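Inspection log for the structure reproduced underneath, given as structure tokens.
Since we're looking at a predicted model, the values are computed, not measured. Residue numbers begin at 1 in each chain, while the letters A, B, ... track the order of the sequences.
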Amino acid sequence: MSNLTLLMSQTEQALQNIKQQQLPLLTQTTDWQSKYRILMQLGKGLPSFSPELQRDELLIAGCDSKAWLLHEFDQDSSRHYWAFDSEARIIKGLVTLALCQLNGLSASELTQINFQQLFALQGLQQNLSPSRQNGLHAVIKTLSMQAGLLD
Amino acid sequence: MSNLTLLMSQTEQALQNIKQQQLPLLTQTTDWQSKYRILMQLGKGLPSFSPELQRDELLIAGCDSKAWLLHEFDQDSSRHYWAFDSEARIIKGLVTLALCQLNGLSASELTQINFQQLFALQGLQQNLSPSRQNGLHAVIKTLSMQAGLLD
Amino acid sequence: MNFDLAAFRAEFAFFDQNPDWVYLDNAATMHKPAAVVAAETEFYQKFNANVHRGAHQLSQQATQLFEQSRDTVAAYVNARSREEIIWCSGATAALNQLAFGLMGSVLQPGDRVLISAMEHHANIVPWQFHCQQHGVQLDVIPLTVNHQLDLAEFKRLLALKPKVVSVTQVSNVLGHIQPVAEMVQLAKAAGALTIIDGAQGVLLQQPDMQQLDCDFYVFSGHKIYGPTGIGVLYGRQETLELLKPLLYGGEMIQQVSFSGTTLNQLPYRLEAGTPNIAGAVGLAAALRWLQQWDQSAIALHKQQLLKQLYEGLAQLPGIELLSQSSKNAGIIAFNIEGEHHSDVAALLDQQQIAVRAGSHCAMPLFAAMHKNGAVRLSLAPYNTEQEIVRTLLAIKQVLEILHG
Amino acid sequence: MNFDLAAFRAEFAFFDQNPDWVYLDNAATMHKPAAVVAAETEFYQKFNANVHRGAHQLSQQATQLFEQSRDTVAAYVNARSREEIIWCSGATAALNQLAFGLMGSVLQPGDRVLISAMEHHANIVPWQFHCQQHGVQLDVIPLTVNHQLDLAEFKRLLALKPKVVSVTQVSNVLGHIQPVAEMVQLAKAAGALTIIDGAQGVLLQQPDMQQLDCDFYVFSGHKIYGPTGIGVLYGRQETLELLKPLLYGGEMIQQVSFSGTTLNQLPYRLEAGTPNIAGAVGLAAALRWLQQWDQSAIALHKQQLLKQLYEGLAQLPGIELLSQSSKNAGIIAFNIEGEHHSDVAALLDQQQIAVRAGSHCAMPLFAAMHKNGAVRLSLAPYNTEQEIVRTLLAIKQVLEILHG
Ligand SMILES: Cc1ncc(COP(=O)(O)O)c(C=O)c1O
Ligand SMILES: Cc1ncc(COP(=O)(O)O)c(C=O)c1O
């Protein structure tokens, strides 16, 4: 359990850094090569799951690379937190991008979010390959379910 | 057995009559209505199978009306004879037409016959419906097998 | 309500190509409007790729088209969700999936399945085969003297507590529309799963799964203006989950190892191998095309043709009508007294009237009617009044030839 | 031998419509030449009717086209007779028919079936399922270190007297061509029925059933320039007779009553329901079209592309080639060291190179190779030298992005 708490707080901290340092770069870049490079950098910033946390029940079905999502609802603050890891770098980057927007939101804030638009930021969506899109849909679905937005 | 012999000889006699009286009419007619009328007349001339001769093992598979074919090889004369009956009148007429050309032939004479052309006489084939053609193919196949031309 | 028959008919290149024919074999297969052929062609020329697993946008496009086609079908039949629509190669494949898939999971030895004497072989023989293999009893709803399902007998047989009831919405021989909504309710009340063979019924009106409330509904694309090789198995999600897949391989699998295999979720779990992608796209095009027309006007036109044909036939001497004209989906089965159905069909074919003769894959129905076959005239909305006139004249001609 | 690649490629409208793409996902599905689309369109526009049972000439025409298509396939694969060609919806359906159909008739509890670790899921999961149901033991030929079938192990496993051996002609992941002719002989000598999964192998060269001498051979139309939703199950007549049909209904039935049902003869016995008529006509058109080209020139061109691609890849740093270039049907599986295959595929997709990534419906093969996936480049004769150049450049770009 302390493993887990550590991961959640490290993730939250990493996201703050990413938001400040890397996200602005992503907005400024125009060529796809650099976009992908930054995206993968983003992902690298997010802490990995230790082997004992890479549990099957955290796996997201529908990703063609293995991807794990961990969700925590903080009772005190009534806020949702996630941690994420994936074998594949691009998907990890993309989900990091999403978590930059989602982590720490309350349920009512989450309902304001257009989940389909999470990856549309910075004109990235048209550059996304479909298997990534499929995987992302699976992630979105899981995220929304965990946030209580779907059942 | 005598039942059967009777049928074979009646059939042979009927075929002789048909050849003399009705076949020439068929050649002369040009409108399809009359052709079909004569065709069905031909068939009527051929003796029917008595109920005890309408045996399942004489049935021709592949006809969409029930049709029975009986074959006899006369050892003395080395000639092939058939008798035929069908629930449907047009197919009976057509097979009668064929038997006019086949009955009483020897094996070597039969090999001279183009079985596919049996019903092509008098320009009838193009007027034949396909289910009839399917049925006729089944009859031709059985006839040829019985004549030892196929195995 | 105005139905522009000329415009409707102009959608079908077949009639231009075969101007001399009257096509009354619509229950066997229907013709395809230009939109269907165009959709398949466009798919192959622009979007061809395999679906679901490609790592590229072409595959994604194809997948989207394919899955949108599923959405079209789901909306057309008013399914609760897209997962309730399973692609298959046709009604026969769907019924086989059901008969196979329910054995062992729902049906145990000693259980009963109830079908009717009016079924198409595709809704008989799969049950015969699998019921026998699994020691399940197959019961048959008999017909009334009017060649309708005997509802009193149906209720009596329901009392035997069948686990599954599988009946046709419309007799493919007689055209008689069955009271399937009522039968579904009765069957459900008796605790049975319900299957409706919609191969002929899907054209009656847009089917509404939530209203009909059956557990499964099947139909073939080629009988509703669509391509061959594609069909639909509709099922409620809970009941689809009960089905043991008939086919294994491809998208239906999640994980394979030699120690065991786990299956994917619905709808993929029941769709093994590369699907008929172009066929699915074509079927969706057919449904979208069909919905552009005024449905009640189409139905009315077909009913008018049916009336014209039925009354015309009834006036001819020696015609034995097996079909009734009321609650009829547009099919008339008849015989000429004393004549073999195949002779009648041959003489109609000679006049370029395309009909069907025989037992129409419904031998038990003919056994129940004590007939060995019939001539079947089956109508579609693209048929015309003039065609019915020509057909009736042709039948008169047949009568003359046969009796002359 | 001259191969007019420009003329060949011009037959495919897809490339005009998608000029920016390099399509290297041919093992998933191939593009269709104009002749195939035209044949389907012509069928629907001119000849559409149901087959076999119609009492009219339109149905007869359709039946002739459909049966001539069977003849085309029979001639293409050098079958002994047309009855040896069974239409089905694809290779997956064919393999399921075989696994289901041999259980009980050929395979009894305690018997063994032998497949390989290189099989596509479609040649694994049906066996897993039905073997388990029937108490049949499923054995697996392992791989050598070079990712080839281990023939020594094959011989050892044959000594266990499997009743059925079912193997792929070409690995759909690696492209490796298997010595199936030799394996068929060995299996036959050991008394086993032999099944060859020709889904990928049918394109190697025109398959010759009498020479290959296997009992069954299956392939899908869409992987040999044909439509989706149609495939072929070839079988020797004697061995087809052994199969219990997987699907019941329609033309496959001779006589139905509620006391019992008798089945039709081959090939109809194994073809239930309205077949994919347009699909069969389209597949025959594909084979006829293909035969118009110089086969050895086509094969040579593909081998040249393969060599160019293979050698180009081998020169790039950090590329791990899973495929070998010799005895390869035109497929290369690779990984970039330390990178996930899906990242590589995504970055190629970005550059409009269509490839596939993952385990390609062959998870056991990846388990045997201790990999969790790969990028697959699969070639077709319509690919060009320039496309290979572009692909290699794109892969370089991927390396730069991933490592930069
Ligand atoms: C070797 C092999 N077998 C079987 C199949 C299954 O073919 P289909 O999906 O067309 O049924 C494939 C296609 O992926 C294959 O490559
Ligand atoms: C009532 C009914 N059920 C099932 C079928 C089988 O349809 P298909 O041959 O398209 O599989 C038919 C078609 O003849 C039918 O009329």
### Query
So what's closer than 4.5 Å to chain C heavy atoms on D:Leu246: side chain, backbone, both or neither?
both
### Task
Could you tell me whether D:Gln133 atom CD has more than 12 heavy atoms of other residues or ligands within 6.0 Å of it?
yes
## Note on the structure
Highest number of heavy-atom pairs under 4.5 Å with chain D among C:Val375, C:Val140, C:Ile353 belongs to C:Val140
### Query
How many angstroms lie between CZ in C:Phe14 and CZ in D:Phe43, if you round to the nearest 0.5 Å?
9.0 Å
### Summary
Which of D:Thr274, D:Asn276, D:Asn50 passes side-chain hydrogen bond (donor to acceptor under 3.5 Å, both in side chains) with C:Thr228? Answer is D:Asn276
### Task
Tell me, for D:Glu40 versus chain C, whether the close heavy atoms (under 4.5 Å) come from the side chain, the backbone, both or neither.
side chain
### Query
Taking the side chain from D:Asn48 and the backbone from C:Lys32, do they hold a donor-acceptor pair closer than 3.5 Å?
no
#### Entry: Segment of D:Pro275 engaging chain C (4.5 angstrom heavy-atom cut-off)
backbone
### Task
List in chain and number order the residues that pass side chain to side chain contact (heavy atoms under 4.5 Å, CB included) with D:Ser116, two or more places apart in sequence or in another chain; answer none if no residue qualifies.
D:Met118, D:Glu119, D:Ile141, D:Leu149, D:Val167
### Query
For D:His130, is it the side chain, the backbone, both or neither that has a heavy atom under 4.5 Å from a heavy atom of chain C?
side chain
### Query
Any side-chain heavy atom of D:His56 sitting closer than 4.5 Å to one from C:Trp21?
yes
## Note on the structure
Looking only at D:Gly90, D:Pro227, D:Gly358, D:Ala93, most heavy-atom pairs under 4.5 Å shared with chain C are made by D:Pro227
### Message
Does any backbone or side-chain atom of D:Leu247 lie under 4.5 Å from a heavy atom of chain C? Answer side chain, backbone, both or neither.
### Response
both
### Query
Would you call the rings of C:Phe129 and D:Tyr248 parallel, tilted or perpendicular if under 30° counts as parallel and over 60° as perpendicular?
parallel
### Query
By a 4.5 Å heavy-atom criterion (distance strictly below it), what part of D:His222 contacts chain C: side chain, backbone, both, or neither?
side chain
### Task
Between chain D and each of C:Ile124, C:Leu95, C:Asn123, C:Leu348, count heavy-atom pairs under 4.5 Å; write down the option with the most.
C:Ile124
### Query
Which atom pair, heavy atoms only, marks the closest approach of D:Gln17 to C:Gln45?
CG-O, 3.3 Å
#### Entry: Heavy-atom pair count under 4.5 Å with chain D, highest-scoring of C:Ala354, C:Ala38, C:Gly273
C:Ala354
### Query
With only heavy atoms counted, which part of D:Ala367 is less than 4.5 Å from chain C, the side chain, the backbone, both or neither?
neither
#### Entry: Approximate separation, where rounding is to 0.5 Å, of D:Asn18 CG and C:Gln61 CD
6.5 Å
### Nearest heavy-atom neighbours spanning C:Phe100 and D:Phe100
CE1-CE1, 3.9 Å
### Message
So D:Tyr23 and C:Leu58, do their side chains get closer than 4.5 Å, heavy atoms only?
### Response
yes
#### Entry: Flag, side chain of D:Asp25 to backbone of C:Ala49, donor-acceptor distance under 3.5 Å
no
